[in-house]
Amino acid sequence: MFSIPGKQAVSISPAAARQIARLMEKGGHAGLRIGLKKGGCAGMEYTMEYVDAADSNDETVEQDGARVMIAPMAQMFLFGTEIDYETSLLESGFKFRNPNVEDACGCGESIKFKDVAELTAERQGS
């Protein structure tokens, strides 16, 4: 929907691809859908859910056995994002390195995006 020919909507790190592939295999799911919802102190939060079939309007990215579907309303905001999976002594989880984020709350759970007009202008200039 908001794609640039020859460029994937998101990139998936090798660690994230391994984790997503493990989750898909363990649960017998077709992939992981990534989206956005209103919430948190910065205004928006990422969502992730297992899916058994892609929606026809999803943008699908496949890499190293991992399949990620991007919900239609999130595609513009997630374009260019790197999805990583990090493990530390205290926590492990998916991390989003998103160039479209203007601000984030202190805990890192919610984000604020650049203005839609600014995002659109950046896409047209790419």
Exercise. Angle class for the Tyr50/His29 ring planes (parallel below 30°, perpendicular above 60°, tilted otherwise)?
Worked result: parallel
Problem set entry | Side chain Asn100, main chain Phe77, donor-acceptor under 3.5 Å | yes
Problem set entry | Close side-chain approach of Ile70 and Thr60, heavy atoms under 4.5 Å | no
Exercise. For Met69, what are the other residues in its hydrophobic cluster, where any two members join if their side-chain heavy atoms are less than 4.5 angstrom apart?
Worked result: Val51
Exercise. Closest approach of Asn57 and Asp55, non-hydrogen atoms and distance?
Worked result: N-OD1, 2.8 Å
Problem set entry | side-chain hydrogen bond (donor to acceptor under 3.5 Å, both in side chains) partners of Gln63, counting only residues at least two apart | none
Problem set entry | Those residues that, when tested against Glu91, pass salt bridge (charged side-chain N to carboxylate O under 4.0 Å, His left out) (two or more places apart) | Lys95
For this session: Go through the structure and list residues passing side-chain contact (heavy atoms from CB on, under 4.5 Å) with Thr47, not counting sequence neighbours.
Result: Lys37
Exercise. Measuring from Ile12:CD1 to Tyr85:OH, what's the distance to the nearest 0.5 Å?
Worked result: 15.0 Å
Exercise. Nearest heavy-atom pair of Ala53 and Ala30: which atoms, and what distance?
Worked result: N-CB, 4.0 Å
Exercise. What is the minimum heavy-atom distance between Leu36 and Met44, and which atoms define it?
Worked result: CB-CE, 3.8 Å
Problem set entry | N/O donor-acceptor pair under 3.5 Å between Glu59 side chain and Phe79 backbone | no
Problem set entry | salt bridge (charged side-chain N to carboxylate O under 4.0 Å, His left out) involving Arg33 - partner list, sequence neighbours excluded | Glu49, Asp58
For this session: To the nearest 0.5 angstrom, please state how far the OG atom of Ser13 sits from the CG atom of Asp64.
Result: 9.5 Å
Problem set entry | Heavy-atom closest pair, residues Ala71 and Gly35 | CB-CA, 4.2 Å
For this session: Work out which heavy atom in Ala21 is nearest to a heavy atom in Gly65; give both atom names and the distance.
Result: CB-O, 3.6 Å
For this session: To the nearest 0.5 Å, tell me how far Ile83 CD1 sits from Gln19 CD.
Result: 13.0 Å
Exercise. Side chains of Val101 and Phe96: does their closest heavy-atom pair fall under 4.5 Å?
Worked result: no
Exercise. Can you name the closest pair of heavy atoms from Ala74 and Ile34 and give their distance?
Worked result: CB-O, 4.4 Å
Exercise. Roughly how far apart are Thr81 OG1 and Gln75 CD, rounded to 0.5 Å?
Worked result: 12.0 Å
Seminar exercise, completed: So salt bridge (Lys or Arg N to Asp or Glu O under 4.0 Å) across residues 80-90, not counting sequence neighbours, yields Glu82-Arg97, Asp84-Arg97, Glu86-Arg97
